[in-house]
Amino acid sequence: MSHIGTSPAAPPSLYAAHRKVHPRAVNGPVRRFKWAVLMTLLGLYYIVPWLRWDRGPGAPDQAVLVDMGHGRLYFFWIELWPQEVYFLTGILVLAAIGLFAVTSLFGRVWCGFTCPQTVWTDLFMWVERAIQGDRNARIKLDAQPMSGRKAALKGATHAAWLAIAAATGGAWIMYFNDAPTVTLDILTGDATAKVYFFFGLFALTTYVLAGFAREQVCTYMCPWPRFQAAMLDNESLVVSYRGWRGEPRGKLKAEGVGDCVDCGACVHVCPTGIDIRDGQQLECIGCGLCVDACNDVMKKLDRPQGLIAFETLANIAASEAATRGMTPCKARLDAGMAVRHVPKMIRPRTILYSAVLGAVALVMLGAFMLRDMHTLAVLRDRAPLYVTLSDGAIRNAYTLKLANKTREIEGYALVLDGLPGARLVAQSAQADAAGHPLLTTRPDGLTEWRVLVTAPSGAVLPQSMPVTFRLLDGAGRQVLSTSSVFLSPGGRP
Amino acid sequence: MPTKIEKDAITGTDTTGHEWDGLKELNTPLPTWWLYTFYACCVFALVWVVLYPAIPVQGWTGITGWTARGAINGEMETARARTEPMLARLRSATPEQIAANPELRAYAIAGGRAVFANNCAACHGAGGQGARGGYPSLADDEWIWGGDLGAIHRTITHGIRNHDSDEARVSMMPRFGVDGVLTRAQITDVAEQVLALGNRSTDAAMAARGAPLYAENCASCHGERGEGNTDVGAPNLSDRVWLHASDRAGIAAYIANPQMGVMPAFAQRLDPALVNMLAVYVHSLGGGR
């Protein structure tokens, strides 16, 4: 959009037209590390739903499964119930603080290496490059008018993208359904509408976000780049250009110029299409591909590596101060490199993040280790509050709910404290040798009993008295207890 | 409309010609996406009018013939089809068989609770606690017409003292006062004797006068010691559960002019499966024998 030039107060346009980025292939240690991370993460994502884990008969044998229908989350040996969703919250809290800690130490490594947006975009770019050729070939192809060849290349690219997107959506669904079953159902058209919807949703978002939106997701949609600066400081390792060494940039053979030959390699390989030599910027995802590209050029020119490097801003500033006023030469390079110091890993910020991370992790671990495998809850009947029996005795009714998170069938004797002489009857439960109701739990489920408590006839009772239900194991040890009240009209025997 | 369209210098947009204290209103065109969404909504609305009964004219049902009543009937049909296999099993079983089968029992109690709330709770209370004025509690252990599963099932099926079912159980307590069978003083004496049956008498002489009257007029139904008789729906008079007032004046009033309860025959209103479920549920309220 253009603004009217006649007005002197014309504001600058806030709109930036999208420029398509055509990143060039690059090779080097950072790129190899990035490939390794990509393979690992994608491998985990696609393979994990197929891992099996035997939980015995009647239970799903998928190692990682979120079973929405039955309200269970399975993770290898761990089984969580919906009321334990706070463990998930805890993991999210840990992930957030972990992200802060890693960012303060090593910059945006999450963005550059592990973020799904980066991983899938990288994969899509690899497909694009394999089919349409490298940067220059792609720029040329995009500039060409539509032709049979162009249509074939573009078509093949989009087909490959859609196949990956479908696999991505399919794998997502597998985390919520039995993988072999749902795969067969999707292929034979027998899956539910819900499965197809989420399959389509995740396939479509993968296709659009990794195929088209790409770096715009990082620049415009993601909130993380907007506040990541709050985690970074001068001692964080970030992808930086050593301007003190490279400037003034100029032709290879020119006199009085720095090490940067302005070849543009760093710009050409950048997946977000920026120039790292402009300094730290929002769009930089810290992937370090420019480090590889520049090192490649420096190697060819027989100059020291590291014109672009993972370096702290403190070191850059120190080198800059040490070399100020010096003309480009080997002495400037040495002087600049000499004043560098090892990045300070232990700083108030990293101590704080690690402490919080450790504390939350400890609390979560403790909560997990101590989590109750059985819970007992009691609901008093409210209509009627009490029943007067024919012999004048007062009876209260309760519903006991016993959740058993194990896969064992367990029997407990039910006893009542606080009402001496009371008679306990649990409907549809046997009594043990001592006459206590024997509550036998279902494995991996909730069992409930209606329990009738009758105070002895003639007992003088207050209107409300506290009682405690206790469950005893075979050895008579208390396993669980819960309290309630016993109500009666009161005042009369 | 202004004849001369003025362009705004900064945005390049036409103005509407409206001006307030130097502020001019821009005639900014609607965003394209908004406009196309609007057009899409118009098309959607047109299609909707054709397909569905969108015009409030008698007989216009749209070409799909959709009606709200038809939709709910369809949903009810689906729900019935889903519950039918279980209901068929509950229909063919006796209440005793249902109570003995954990699966059927659990279903009967869960479903019976809903059926009870719809059909029984109005008189007998939400938890079967009964209500003043002659609606018996179903949660205690005193039963006027019998408290085992068979008796409960029979009572629900045919009801009590109604005109709907020939098999409804009927018993009439004479109106001893209104019809002049006993004098007022005699009735008071009998009431004292009834208190004595539950060891609550405070006037031994009065109870002694009432005892022969009780033996002559009441014992045939209520029993020599007031133990009651579920075959004729005569309540136990010696225990602590009272359907009506339990003091001497209240008992005397009842003897003079009894008000006996009536219950409909629910077999005529409910599926036999639901009656079976109700019997099992009522039995589980706490008083079942």
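Every chain is numbered from 1 and lettered A, B, ... according to where its sequence line falls, protein lines coming before strand lines.
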Point to revise | Short N-O contact, K24(B) and E6(B), less than 4.0 angstrom | key: yes
Point to revise | F469(A) and L400(A), any side-chain heavy atoms less than 4.5 Å apart | key: yes
Practice item. Kindly state each residue pair satisfying side-chain hydrogen bond (donor to acceptor under 3.5 Å, both in side chains) with at least one member in residues 123-146 of chain B, sequence neighbours excluded. Key: S390(A)-D141(B)
Check your understanding: Among G128(B), G125(B), S284(B), A126(B), who wins on heavy-atom pairs under 4.5 Å with chain A?
Key -> S284(B)
Practice item. Measure distances from S238(B) to the heavy atoms of chain A and classify the residue's part below 4.5 Å as side chain, backbone, both or neither. Key: neither
Practice item. Decide yes or no for N236(B) and H222(B): does some side-chain heavy atom of the first lie under 4.5 Å from some side-chain heavy atom of the second? Key: no
**Study point:** chain B contact via D381(A) - which portion, at a heavy-atom distance below 4.5 Å
**Key:** neither
Review point. Which bit of L452(A) comes within less than 4.5 Å of chain B, counting heavy atoms only: side chain, backbone, both or neither?
Key: side chain
